[in-house]
Q: 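Let me give you the structure first, and then I'll get to my questions.
Bear in mind that the values here come from a model prediction, so they are computed numbers and not experimental data.
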Amino acid sequence: MDTSEHNLATLFAQLGLPNDESSIKSFISKNKSLAESDELADAGFWNTAQSTFLREAIADDSDWAEVVDQLDALLRH
């Protein structure tokens, strides 16, 4: 059972991305271009494993779903 805190830093670590504050801000700034009609998991900057994780987190309403939704919102606004 996963008992870790689920926040942007732990999500980025789960996705295999640098997860310090400046790296997260840089990633969001660089990729902040998702159209409202696009699914987060379909964005071109994810690899297959990352895309699958994001898609499953939402579909399964997992513990990660809330922070995945947070990332989704940050990449759209």
Q: Does a donor on one side chain sit under 3.5 Å from an acceptor on the other, for S62 and D60?
A: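 Not at all, the side chains of S62 and D60 share no donor-acceptor pair under 3.5 Å.
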Q: Quick one: CG on D38 to CG on L75, what's the gap to the nearest 0.5 Å?
A: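 Going from the CG atom of D38 to the CG atom of L75 covers 11.5 Å.
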Q: Counting neighbours of CD on Q70 that are heavy atoms of other residues, nucleotides or ligands and sit closer than 6.0 Å, is the number greater than 12?
A: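 Yes - once you tally the heavy atoms of other residues, nucleotides and ligands closer than 6.0 Å, there are more than 12.
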Q: Can you run down the side-chain hydrogen bond (donor to acceptor under 3.5 Å, both in side chains) pairs that involve residues 45-59, sequence neighbours left out, and say none if there aren't any?
A: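 Listed once each, the pairs are D42-R55, S51-R55.
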Q: When rounded to the nearest 0.5 angstrom, what distance separates OG in S26 from CG in D20?
A: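 That separation rounds to 9.5 Å.
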Q: When you look at L8 and N19, which way does the side chain to side chain contact (heavy atoms under 4.5 Å, CB included) test go after all the steps?
A: CA-CA 8 Å; L8 283 177; N19 68 336; over 6 Å; no
Q: Looking at N31 and F27, would you say the former's side chain and the latter's main chain have a donor-acceptor pair under 3.5 Å?
A: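 Between the backbone of F27 and the side chain of N31 there is a qualifying donor-acceptor contact (under 3.5 Å).
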Q: Is it the case that the side chain of R76 and the backbone of S33 share a donor-acceptor pair, with hydrogens and angles ignored and the cut-off at 3.5 Å?
A: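 Not confirmed, R76 side chain does not pair with S33 backbone.
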Q: Name the one of D69, L40, D72 that satisfies side chain to side chain contact (heavy atoms under 4.5 Å, CB included) with I58?
A: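 Output: one option passes, namely D69.
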Q: So, for P18 and I24, which heavy atoms are closest and what is the spacing to 0.1 Å?
A: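 So the two residues come closest at O-CG1, 4.3 Å.
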Q: Nearest 0.5 Å, what's the CD-OG1 distance between E5 and T10?
A: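 Answer for the CD-OG1 pair, E5 versus T10, is 6.5 Å.
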Q: Of all the heavy-atom pairs spanning W64 and N7, show the shortest one and how long it is.
A: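 Heavy atoms only, the tightest pair is CZ3-O, 4.5 Å.
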